[in-house]
Asks: 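Structure in structure tokens, see below.
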Amino acid sequence: MNDDASLTGLFEAHRGQLRAVAYRMLGSVSEADDAVQEAWLRLNRTDTGDVRNMGGWLTTVVSRICLNMLRSREHRREDPLEERMPEPVVSPPGGVDPEQEALLADSVGLALLVVLQQLEPTERLAFVLHDMFAVPFDEIAQIIDRTPAATRQLASRARRRVRGAAPTPDPDVSRQREVVDAFMAAARDGDFDTLVSLLHPDIVLRTDVGPSATRGWNELRGALTVAQQALMFRRMAPFARPVLVNGVAGALMVLDGRTTAVGAFTIVDGKILTMDILGDPARVAGLDVAALTGRP
């Protein structure tokens with residue numbers, strides 16, 4: 001089993017799912033790739049001659065790596081209440097590529113990732129592995145050193161939080177785009193009434209402009225409040241370009257040929273229910289404007 005060519009082939013066959021697990025656990029593509037790479041190194045150091053289910057074995061390894069990364073992340077934080085926007089997966093408006101499709105299966109939007117990162121590491125692992133990848137509770141229990149019953153409770157508690165705070169978007173992306181375009185037009189024109197009509201009464205607007213700002217993370221709720229905020233930034237609306245963000249309608253804010261922010265819109269029943277805006281210069285600078293929008 002430990003023949004180099006055989007190991008490489010087996011690992012590559014499971015890489016897509018391993019990245020998907022790690023991205024849901026960590027909310028970061030780059031950290032997910034680090035976790036998958038570490039799993040590859042461990043595979044090469046391990047005698048897997050007795051392994052009968054390589055996919056299950058690798059999923060367990062990646063899950064443990066991600067759990068340790070989440071715990072280490074919590075210990076490093078100076079402020080336990082500090083929040084950061086998860087790393088978005090941005091695609092051209094025409095659709096995501098096959099590699100991104102594997103990463104984003106099951107509608108893993110930014111709104112869902114924001115909720116997942118508010119869970120305790122063991123809650124997050126139990127929910128992700130069981131609810132998203134159908135891993136049995138007795139296998140998850142071995143990873144987190146809990147009983148299957150306790151693991152089931154962790155997943156149930158996480159599920160309740162996710163169900164209440166991470167809505168499932170309308171499936172028609174073209175209809176999503178119509179709503180987002182109408183919102184941008186209303187913001188550009190200063191049409192407050194139209195803005196309010198496009199927003200769900202319980203809308204949540206989350207923004208992350210980076211740790212160097214006085215209020216790096218901000219959260220606003222309610223249609224009137226969010227519409228007023230949109231009017232304050234009406235001068236930026238003309239610079240919005242359509243993209244997909246984690247598979248849903250989104251926008252890049254492009255100024256002088258560089259990205260200044262990226263936003264995802266969750267549309268439910270034709271209304272905008274969540275808006276997640278990442279404006280951290282250090283995290284959006286690498287987005288390729290020409291590749292994503294077709295123009296510099």
Side-chain angles (χ1 to χ4, degrees), residues 23 27-30 82-94 96 100 104 108-115 117 169 173 176-191 195 198-200 203-221 223 225-267 272-296:
Y23 180 57
S28 165
V29 176
S30 57
E82 175 189 14
E83 291 193 70
R84 292 271 74 88
M85 188 72 66
E87 182 180 344
V89 177
V90 186
S91 316
V96 300
Q100 290 177 327
L104 297 175
V108 185
L110 282 186
L112 173 60
L113 292 174
V114 168
V115 178
Q117 74 179 8
V173 176
Q176 293 177 24
R177 173 58 55 197
E178 291 175 3
V179 175
V180 173
D181 288 348
F183 177 83
M184 290 297 179
R188 183 177 59 248
D189 297 339
D191 187 343
L195 284 172
L198 294 167
L199 300 175
H200 190 281
I203 183 173
V204 180
L205 165 64
R206 293 176 286 251
T207 56
D208 178 2
V209 296
S212 61
T214 303
R215 296 184 64 185
W217 177 274
N218 193 34
E219 189 172 298
L220 298 175
R221 294 177 179 270
T225 301
V226 173
Q228 290 168 350
Q229 185 76 2
L231 288 181
M232 292 176 62
F233 293 96
R234 59 186 295 187
R235 289 180 298 176
M236 294 300 297
F239 303 103
R241 300 186 187 178
V243 290
L244 294 176
V245 181
N246 286 58
V248 301
L252 281 188
M253 307 303 294
V254 180
L255 192 60
D256 296 328
R258 61 184 179 85
T259 301
T260 60
V262 56
F265 298 74
T266 304
I267 313 297
I272 302 173
L273 184 54
T274 70
M275 295 171 59
D276 294 287
I277 312 296
L278 177 61
D280 183 348
R283 299 176 64 195
V284 301
L287 293 173
D288 189 332
V289 174
L292 292 170
T293 68
R295 56 194 177 98

Asks: For residues 272-292, pull every pair meeting salt bridge (charged side-chain N to carboxylate O under 4.0 Å, His left out), keeping only residues two or more places apart or in separate chains.
Replies: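 Passing the test, one end in residues 272-292: Arg206-Asp276, Asp208-Arg283.
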
Asks: Does Leu244 have any side chain to side chain contact (heavy atoms under 4.5 Å, CB included) partners at least two apart in sequence or in another chain, and if so, which?
Replies: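 Ser91, Val96, Val173.
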
Asks: Show every donor-acceptor pair shorter than 3.5 Å between a side-chain atom in residues 228-235 and any protein atom, with sequence neighbours excluded, or say none if there are none.
Replies:
| residue | atom | partner | partner atom | Å |
| --- | --- | --- | --- | --- |
| Arg234 | NH2 | Asp189 | O | 3.4 |

Asks: Can you tell me how far apart CZ (Phe265) and CZ (Arg177) are? Round to the nearest 0.5 Å.
Replies: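 Rounded to the nearest 0.5 Å, the CZ-CZ separation comes out at 8.0 Å.
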
Asks: Using the side chain to side chain donor-acceptor pair (under 3.5 Å) criterion, which residues pair with Asp181? Sequence neighbours excluded.
Replies: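 Once residues adjacent in sequence are excluded, Asp181 has no partner under the side chain to side chain donor-acceptor pair (under 3.5 Å) criterion.
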
Asks: CD1/Ile267 to NE2/His200 distance, rounded to the nearest 0.5 angstrom?
Replies: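 It is 11.5 Å, given to the nearest 0.5 Å.
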
Asks: Please find the pair of heavy atoms, one from Ala237 and one from Met253, that lie closest to each other, and give the distance.
Replies: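 Distance-wise, the nearest heavy atoms are N-CE, 4.3 Å.
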
Asks: Does Val248 have any side chain to side chain contact (heavy atoms under 4.5 Å, CB included) partners at least two apart in sequence or in another chain, and if so, which?
Replies: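 Applying side chain to side chain contact (heavy atoms under 4.5 Å, CB included) to Val248 gives Pro169, Gln176, Ala264.
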
Asks: With sequence neighbours left out, which residue pairs that include part of residues 252-261 fulfil the side chain to side chain donor-acceptor pair (under 3.5 Å) condition?
Replies: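 Residue pairs passing side chain to side chain donor-acceptor pair (under 3.5 Å), neighbours aside: none found.
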
Asks: Grab the two heavy atoms, one from Leu220 and one from Val226, that are nearest each other, plus how far apart they are.
Replies: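 Distance-wise, the nearest heavy atoms are O-CG2, 4.3 Å.
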
Asks: Report the residues that fulfil side chain to side chain contact (heavy atoms under 4.5 Å, CB included) with Ala227, sequence neighbours left out, ordered by chain and then residue number.
Replies: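 Ala227: side chain to side chain contact (heavy atoms under 4.5 Å, CB included) contacts with Phe192, Leu195, Val196, Leu199.
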
Asks: Could you tell me the separation between the CG atom of Leu198 and the CD1 atom of Ile272, rounded to the nearest 0.5 Å?
Replies: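 Separation between the atoms: 6.0 Å.
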
Asks: Can you see which heavy atom on Ala291 is nearest to which on Pro92, and at what distance?
Replies: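 Closest pair (atom of Ala291, atom of Pro92, distance): O-CG, 3.8 Å.
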
Asks: Can you give me the closest heavy-atom contact between Arg84 and Gly210, atom names plus distance?
Replies: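 Heavy-atom minimum between the residues: NH2-C, 3.9 Å.
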
Asks: For a quick test of reading the model, state the closest non-hydrogen atom pair linking Val180 to Ala249 and the distance between them.
Replies: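 The pair with the smallest heavy-atom distance is CG2-CB, 3.8 Å.
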
Asks: Taking atom CG of Leu110 and atom CG of Leu278, what is their separation to the nearest 0.5 Å?
Replies: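 Leu110 atom CG to Leu278 atom CG measures 8.0 Å (nearest 0.5 Å).
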
Asks: So which atom in Ala261 and which in Ile277 form the shortest heavy-atom distance, rounded to 0.1 Å?
Replies: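 It is CB-CG2, 4.3 Å.
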
Asks: Please identify each residue that fulfils side chain to side chain contact (heavy atoms under 4.5 Å, CB included) with Thr293, with sequence neighbours left out.
Replies: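 If we apply the side chain to side chain contact (heavy atoms under 4.5 Å, CB included) test to Thr293, skipping adjacent residues, the hits are Arg241, Val243, Leu252, Val289, Arg295.
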
Asks: Once you round to the nearest 0.5 Å, how far does CD1 of Ile203 lie from CG of Leu205?
Replies: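 So the gap between those two atoms works out to 6.5 Å.
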
Asks: Tell me every residue that passes side chain to side chain donor-acceptor pair (under 3.5 Å) with Arg221, counting only those two or more places apart in sequence or in another chain.
Replies: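 Residues passing side chain to side chain donor-acceptor pair (under 3.5 Å) with Arg221: Glu219.
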
